[in-house]
Amino acid sequence: MAICGKLKFPGDKSISHRALMLAALADGTSEITNLSTGVDVETTKKCLENCGITFINVGTSVKIEGGSLQSPVDELDCGNSGTTARLLMGLLAGQKTAAKFIGDGSLSERPMKRVIDPLEKMGATINSIENHLPLSLSIENLTGIRYELPVASAQVKSAILLAGLGADTPTTVIEPIPTRNHTENMLSKLGAEINTHENTITVYPLINRLNPFKTTIPGDPSTAAFFAAAAAMISQSDLMLEGISTNPTRSGFYTALKQMGGNVEILNQLSEQGESRGDICIVSNPLNGINIAKDMVPGLIDELPILAILASQAEGVTEVTGAKELRFKECDRIHAICMNLGKMGANITELEDGFVIEGPTKLRGGYVRTFNDHRIAMAFTIAGLVADGDVTLDNQHCVDISFPQFYEWLKIVR
Ligand code: S3P
């Protein structure tokens with residue numbers, strides 16, 4: 001079996017969430033093509049609908065009528081989506097729109113203090129039990145702040161910047177390590193006053209509504225990474241991933257794959273509305289272990305589960321450190337990776353902030369606990385392709401969160 005062919009992926013999940021939210025703030029109708037097909041982005045759409053925003057599906061595009069955000073009658077159900085919850089808290093705070101936020105079991109366990117603290121400093125009132133969902137948000141006046149992020153998080157940065165649009169003075173966020181910059185890119189293209197100097201971003205109160213826009217979302221590099229990894233480690237493979245986001249704050253996985261000896265080439269690069277995309281070609285090649293340290297982590301945070309599978313097939317040691325944030329994702333991903341990969345026979349050691357893997361090992365199939373986490377399910381399905389014996393997941397359906405077509409597309413390239 002080799003992994004061969006061409007795939008053109010649905011839109012990036014992070015950019016899709018932001019495009020929907022910013023279209024809601026625009027003065028007129030925006031049109032978004034190639035939106036993410038995942039449940040998380042549908043969740044953001046439903047929440048915005050509950051705040052009075054109208055969406056019309058036209059073929060593969062969605063049209064959005066910008067308008068003032070109304071306080072929802074019901075709670076905003078953010079489902080499994082941390083991006084929906086955290087960014088919407090900031091967006092609604094900036095529009096002085098009170099709301100109650102709820103989420104599923106996983107989201108209700110994820111830390112919200114990181115968003116609550118800065119929004120409260122800006123003047124929002126937030127009630128929660130021990131800084132988790134469910135929580136309620138209300139706002140009278142919002143003042144800009146200067147805020148040093150205690151953790152490198154694009155979600156927290158974005159929440160503060162979106163709130164800052166409605167503050168009465170400028171808002172500055174300082175990042176410890178640069179994280180994905182889609183919010184800044186889009187805001188600056190749509191007419192907001194925002195500037196970035198090194199790790200410091202300042203947004204100014206929005207005087208006019210944002211400009212309506214037409215955009216095609218670049219393919220999701222995080223989803224594409226599962227297919228890229230399969231092609232990299234299965235001999236005789238040759239795969240082209242078309243139109244994938246090559247934003248440098250998102251391409252850490254592809255850089256790491258090259259460092260591992262992977263044969264990765266990016267062709268046909270172009271840029272639209274501040275976001276770059278290109279065709280990523282991967283040809284299988286023997287891989288070696290590498291070190292991933294703290295500074296590299298935000299650029300490949302969502303790709304670490306699949307990178308662990310690659311490391312188990314690479315010659316030598318791969319060490320990932322400075323990635324404690326992985327414990328606060330849809331599940332504790334450090335635990336999920338180490339437990340499942342260990343059971344499959346990999347030589348893996350769990351660290352508080354990462355893991356060490358010595359490869360290569362012939363993996364054994366078996367029963368995998370996904371913890372209902374889409375990226376754990378996809379990573380271990382790919383592990384199954386290089387294992388002796390079948391891999392059985394306790395929940396296959398959780399892939400719907402980011403990529404419902406995952407199994408179907410895997411069949412196409414096998
Ligand atoms: C995201 C940012 C990352 C990432 C998540 C999506 C975003 O989370 O893990 O899947 O869209 O801003 P953090 O910013 O909390 O690290």
Side-chain angles (χ1 to χ4, degrees), residues 11-12 14-35 41 44-45 47-48 51-56 61-70 83 86-97 119 122 139 141-147 154-155 157-173 175 178-198 200-218 245 247-249 270-277:
D12 178 57
S14 292
I15 302 179
S16 295
H17 283 294
R18 288 157 170 83
L20 291 173
M21 291 185 197
L22 295 183
L25 299 188
D27 183 18
T29 310
S30 297
E31 189 172 334
I32 306 172
T33 305
N34 203 37
L35 200 67
V41 168
T44 287
K45 209 170 141 205
C47 287
L48 289 168
C51 297
I53 301 298
T54 340
F55 296 88
I56 305 167
S61 304
V62 58
K63 285 191 175 180
I64 303 112
E65 202 57 56
S68 66
L69 290 161
Q70 313 293 330
T83 311
R86 296 189 177 119
L87 268 62
L88 271 184
M89 283 170 69
L91 185 89
L92 295 191
Q95 301 307 303
K96 322 262 176 357
T97 305
L119 293 182
M122 294 176 84
I139 321 93
N141 279 310
L142 219 57
T143 304
I145 51 169
R146 184 178 170 83
Y147 194 74
Q155 293 181 351
K157 168 179 67 175
S158 300
I160 301 170
L161 295 175
L162 292 172
L165 296 174
D168 52 15
T169 54
T171 298
T172 296
V173 182
E175 299 192 274
T179 63
R180 64 194 71 190
N181 60 2
H182 311 301
T183 307
E184 301 90 299
N185 284 348
M186 253 186 244
L187 280 174
S188 87
K189 292 286 165 197
L190 302 182
E193 200 180 336
I194 181 163
N195 53 54
T196 302
H197 289 296
E198 293 171 355
T200 302
I201 306 124
T202 300
V203 69
Y204 293 82
L206 204 57
I207 296 163
N208 300 308
R209 297 186 67 81
L210 295 176
N211 301 324
F213 58 95
K214 262 191 173 188
T215 195
T216 302
I217 312 271
S245 167
N247 179 316
T249 64
L270 59 90
S271 177
E272 192 197 342
Q273 289 197 324
E275 291 287 348
S276 55
R277 73 184 76 200

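- Nearest approach of S30 to P212, heavy atoms of both residues: OG-CA, 3.4 Å.
- Between A24 and L48, the shortest heavy-atom distance links the atoms CB-CD2, 4.3 Å.
- Atom OG1 of T215 is separated from atom CE of M186 by 7.0 Å, given to the nearest 0.5 angstrom.
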Item to check | CA sep, side-chain torsions, deciding dist, call: I145, T172, side chain to side chain contact (heavy atoms under 4.5 Å, CB included) | outcome: CA-CA 6 Å; I145 51 169; T172 296; over 6 Å; no
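- Between the side chain of R86 and the backbone N or O of A154, no donor-acceptor pair lies under 3.5 Å.
- Between the CG atom in L91 and the SG atom in C51 there is a gap of 8.5 Å [rounded to 0.5 Å].
- Expressed to the nearest 0.5 Å, how far NZ of K63 lies from CD1 of I32 amounts to 12.5 Å.
- Side chain to side chain, S14 and H182 fail the donor-acceptor criterion of an N or O pair below 3.5 Å.
- Rounding to the nearest 0.5 Å places OG1 of T83 at 4.0 Å from CD of Q155.
- Between T54 and E65, the side chains place no donor N or O within less than 3.5 Å of an acceptor N or O (distance only, hydrogens not considered).
- When side chains are defined from C-beta on, M122 counts as touching I160, because their heavy atoms get closer than 4.5 Å.
- For the residue pair R18 / S158, a side-chain donor-acceptor distance below 3.5 Å is found, with atom types taken as modelled.
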Checklist entry - N247 and N181: side chain to side chain contact (heavy atoms under 4.5 Å, CB included), yes or no, with the steps? => result CA-CA 9 Å; N247 179 316; N181 60 2; 2.8 Å; yes
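- With respect to V203, the side chain to side chain contact (heavy atoms under 4.5 Å, CB included) criterion is satisfied by exactly one of L162, N195, T183, I194: I194.
- Scanning all heavy atoms of the two residues, the minimum distance from I64 to V62 falls at CD1-O, 3.9 Å.
- Ion pairing of K157 with E184 is present here, as a side-chain N (NZ or NE/NH1/NH2) and a carboxylate O approach within less than 4.0 Å.
- Atom CG of L20 sits about 7.5 Å away from atom NZ of K45, to the nearest 0.5 Å.
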Next on the checklist: If you apply the rule side chain to side chain contact (heavy atoms under 4.5 Å, CB included), what do you find for L25 with L69, and how did you get there?
Outcome noted: CA-CA 8 Å; L25 299 188; L69 290 161; 4.0 Å; yes
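- When all heavy atoms are compared, the tightest approach of K189 to G274 is CE-N, 3.5 Å.
- Rounding to the nearest 0.5 Å places CG of L190 at 10.0 Å from CG of L206.
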Checklist entry - Y204 and T171: side chain to side chain contact (heavy atoms under 4.5 Å, CB included), yes or no, with the steps? => result CA-CA 6 Å; Y204 293 82; T171 298; over 6 Å; no
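- Residues I201 and L161 are in side-chain contact: their nearest non-hydrogen atoms beyond the backbone lie under 4.5 Å apart.
- Taking both residues in full, the closest heavy atoms of L142 and A93 are given as CD2-O, 3.4 Å, listed atom of the first, atom of the second, then distance.
- For the 3.5 Å distance criterion, the side chains of Q70 and S68 qualify, holding a donor opposite an acceptor.
- What you find for N34 and P218 is that their closest heavy atoms are ND2-C, 4.5 Å.
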